[in-house]
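Read the structure below first, then the notes.
If you're wondering where the values come from, they're calculated on a predicted model, not measured in any experiment. Quick note: numbers below take in every heavy atom, side chains included, and nothing from hydrogens, waters or symmetry partners. Chain letters run A, B, ... following the sequence lines, proteins first, then strands; residues in each count from 1.
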There are 2 protein chains.
Amino acid sequence: MTTRRDAVHDTLRKSEGFRSAQDVYAEMRLHGAKIGLTTVYRALQALADGGKVDVLRTDDGESVYRACATDAHHHHLVCRRCGHTVEVAGPAVERWAEMVGSEHGFTEITHTVEVFGTCSSCSMPARIG
Amino acid sequence: MTTRRDAVHDTLRKSEGFRSAQDVYAEMRLHGAKIGLTTVYRALQALADGGKVDVLRTDDGESVYRACATDAHHHHLVCRRCGHTVEVAGPAVERWAEMVGSEHGFTEITHTVEVFGTCSSCSMPARIG
DNA sequence: CGCCAAAATGAAAATGATTGTCAAAATCCC
DNA sequence: GGGATTTTGACAATCATTTTCATTTTGGCG
Ligand SMILES: [Zn+2]
Ligand SMILES: [Zn+2]
Ligand SMILES: [Zn+2]
Ligand SMILES: [Zn+2]
């Protein structure tokens, strides 16, 4: 019953960076998978709900997903050029968020933290040929 | 020439939390303003580009805007119930993001950091009447 | 096996925020 | 005033995502 969902998960695992639902769908079809776009959306959502994949929003509002190495809470350092992503832990940030929240009387504190940059290979001088 | 833009900016200033373009548009019309939705979108974008207002994306992909007290870089502590927003500085986070980025060879580092929670008035026991 | 109820699937239509178009209106400049 | 330029906004177009709903698959169960 989770055949399709697993296939989606696998496709994600083989990817380096974050991929959109449309993207995953297109790739799966390319490789001959028989699956519908709706199912890809549903699988991705289920995986995200279950904490099996991470989600974030691109600047233009698209949801993108990634199968991360760890289930533990972590953040991402994403190359805005090629999408190459590094998973990073940030104990300092976790503490900071908690503190800032409680200082102002907020409870049930959550946070979103993403770091973007240009990775080393993308910032190398362009080489032709 | 900037009459409409200023009107949009003013509407935002009078709001406590983040408001969507549609939201701002509706409120302006309610108060009798003669303005089109397209113009509200354009004004909001221009204000955001000029750093006069802050933008963030809600969980359901809507862009929301806020006229903040300061032009300086800062982050937000947002009540997920009522939208009440507190502007917070996070020097520790700024440093952390820079460090994490350069540690991995990334350059031109930027970051998004938002903290969500339930504010004190929203977490008070419900009172009827 | 047969048989049925529940869950999964996907094609097609609906949704809804945002953007593009383009002609009319306001503003500027001389 | 008159023409160039910018701004505006009604309306159409986009496009990712969600809904619908009929069909298929799956999982017992006798
Ligand atoms: Zn890169
Ligand atoms: Zn964290
Ligand atoms: Zn609140
Ligand atoms: Zn910051």
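Using a 4.5 Å cut-off on side-chain heavy atoms (C-beta onward), B/Cys82 and B/Cys119 make contact.
Results of the side-chain contact (heavy atoms from CB on, under 4.5 Å) test with A/Tyr65 over A/Val8, A/Val55, A/Asp23 single out A/Val55 as the only residue that passes.
A parallel orientation is assigned to the rings of B/Phe106 and A/His84, their planes being inclined by less than 30° (bins at 30° and 60°).
Scored by the ring-ring contact (aromatic ring centres under 6.0 Å, His included) test, A/Tyr41 finds no partners at all (sequence neighbours excluded).
The CG-P distance, from B/Asp6 to C/dA26, rounds to 18 Å in whole Å. Rounded to whole Å, atom C1' of C/dT19 lies 12 Å from atom CG of A/Asp60. Rounded to an integer number of Å, the gap from CZ of A/Arg5 to C1' of C/dA8 is 10 Å.
Of the residues in residues 44-58 of chain A, none has a non-hydrogen atom less than 4.0 angstrom from any atom of DNA chain C. Residues from residues 8-43 of chain B placing a heavy atom under 4.0 Å of any atom in DNA chain C, listed by number, are B/Gln22, B/Thr38, B/Tyr41.
Other residues, nucleotides and ligands contribute only 12 or fewer heavy atoms inside 6.0 Å of the CG atom of A/Asp59. Annotation for B/Arg81: atom CZ does not count as buried by contact number, only 12 or fewer foreign heavy atoms lying within 6.0 Å.
Not one N or O on the side chain of A/Arg4 forms a donor-acceptor pair closer than 3.5 Å with the backbone of A/Val40. Under the 3.5 Å distance criterion, the side-chain polar atoms of A/Glu27 are left unmatched by any main-chain donor or acceptor of A/Thr11.
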